[in-house]
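To keep things clear, I will list the structure first and then write my remarks on it.
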Amino acid sequence: SYYTSGESVHSLGELKCRDANVGGGGAAIDDVSGGGGAGYGTKGLDGKQDKSAQFGFGGNVYGDKYLTRLYLGSGGGAGIRCNGGNGGGAIYIECEHLHLYGSITANGGDSETGAGAGSGGSIHLIAKQSVDIEQKALIQAKGGQSGKWGLYANGGHGRIRVDV
């Protein structure tokens with residue numbers, strides 16, 4: 001049997017795999033369908049089909065919603081001729097005083113046309129004494145956007161936790 005932890009297989013030859021496994025999006029298995037978006041904090045969207053039902057399924061929700069353990073985002077399902085988007089990263093910062101004036105992101109990767117996008121990753125910030133976040137600052141772990149043609153499936157969002 002073929003499986004990976006967190007990603008789905010886009011196989012060649014006789015084996016076809018459109019089911020999602022854990023968080024990875026399932027692959028499309030014909031040229032008029034799209035791969036599924038990856039899941040993590042929220043479910044990835046199913047791929048769309050034009051004339052058939054051979055689209056990849058979206059990845060599922062998994063992991064620890066309280067972020068006591070960080071997970072990477074998962075990869076989106078491949079289209080028949082293109083790769084899915086990469087999953088977002090995992091960021092852990094522990095400090096005395098958090099002063100954020102820029103961006104901290106663990107976003108999922110966008111996908112090529114017809115493939116599923118990657119899911120957002122994890123961000124866990126701990127400030128032991130104080131937090132100062134500028135109004136224009138950004139903390140984000142969103143799912144990637146999929147390609148054109150309407151055969152798309154966006155990735156699910158990741159998870160963010162801020163402790164003070």
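Please read all numbers here as calculations on a predicted model, not as lab measurements. Just the heavy atoms: all of them, side chains too, but no hydrogens, waters or symmetry mates, feed the values below.
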Worksheet item: How far apart are the closest heavy atoms of G37 and A153, and which atoms are they?
Response: N-CB, 3.3 Å
Discussion item. I need the full list of salt bridge (charged side-chain N to carboxylate O under 4.0 Å, His left out) pairs touching residues 86-98, with sequence neighbours left out, sorted by first then second residue.
Written reply: E94-K128
Show me, pair by pair, the donor-acceptor contacts under 3.5 angstrom made by side chains of residues 133-143, not counting sequence neighbours?
unit_1	atom_1	unit_2	atom_2	d
Q140	OE1	N107	ND2	3.1

Discussion item. Assess, by modelled atom type and distance only, whether the side chains of S119 and S74 contain a donor and an acceptor separated by less than 3.5 Å.
Written reply: no
Practice prompt. Work out which heavy atom in S146 is nearest to a heavy atom in A117; give both atom names and the distance.
Written response: N-CB, 4.0 Å
Item to complete: Quick one: pull up CG in L98 and CD1 in I104 and give me the separation to the nearest 0.5 Å.
Response: 6.0 Å
Item to complete: Please name the residue in the list L125, L67, I123, I91 that meets the side-chain contact (heavy atoms from CB on, under 4.5 Å) test with I160.
Response: I123
Discussion item. Please list all pairs meeting ring pair (Phe, Tyr, Trp, His ring centres under 6.0 Å) that have one or both residues in residues 68-94, counting only residues at least two apart or in different chains.
Written reply: Y62-Y71, Y92-H124
Discussion item. Could you work out, with side chain to side chain donor-acceptor pair (under 3.5 Å) as the rule, every residue matching T68, not counting sequence neighbours?
Written reply: D64
Worksheet item: Which pairs with one or both residues in residues 100-109 pass salt bridge (charged side-chain N to carboxylate O under 4.0 Å, His left out), sequence neighbours excluded?
Response: none
Worksheet item: Between R159 and K65, what is the shortest heavy-atom contact and its length?
Response: NE-CA, 3.4 Å
Fill in: Nearest heavy atoms of S111 and G85, plus distance in Å
CB-N, 3.6 Å
Worksheet item: Is there side-chain contact between N60 and K43, with heavy atoms separated by less than 4.5 Å?
Response: yes
Worksheet item: side chain to side chain donor-acceptor pair (under 3.5 Å) with D132: which residues, sequence neighbours excluded?
Response: Y101
Item to complete: First locate atom OG of S122, then atom CZ of R161, and finally report the distance between them rounded to the nearest 0.5 Å.
Response: 12.0 Å
Worksheet item: For the side chain of D110 and the backbone of Q145, is there at least one donor-acceptor N/O pair under 3.5 Å apart?
Response: yes
Fill in: Student check: side-chain heavy atoms of H157 and Y40 closer than 4.5 Å
no
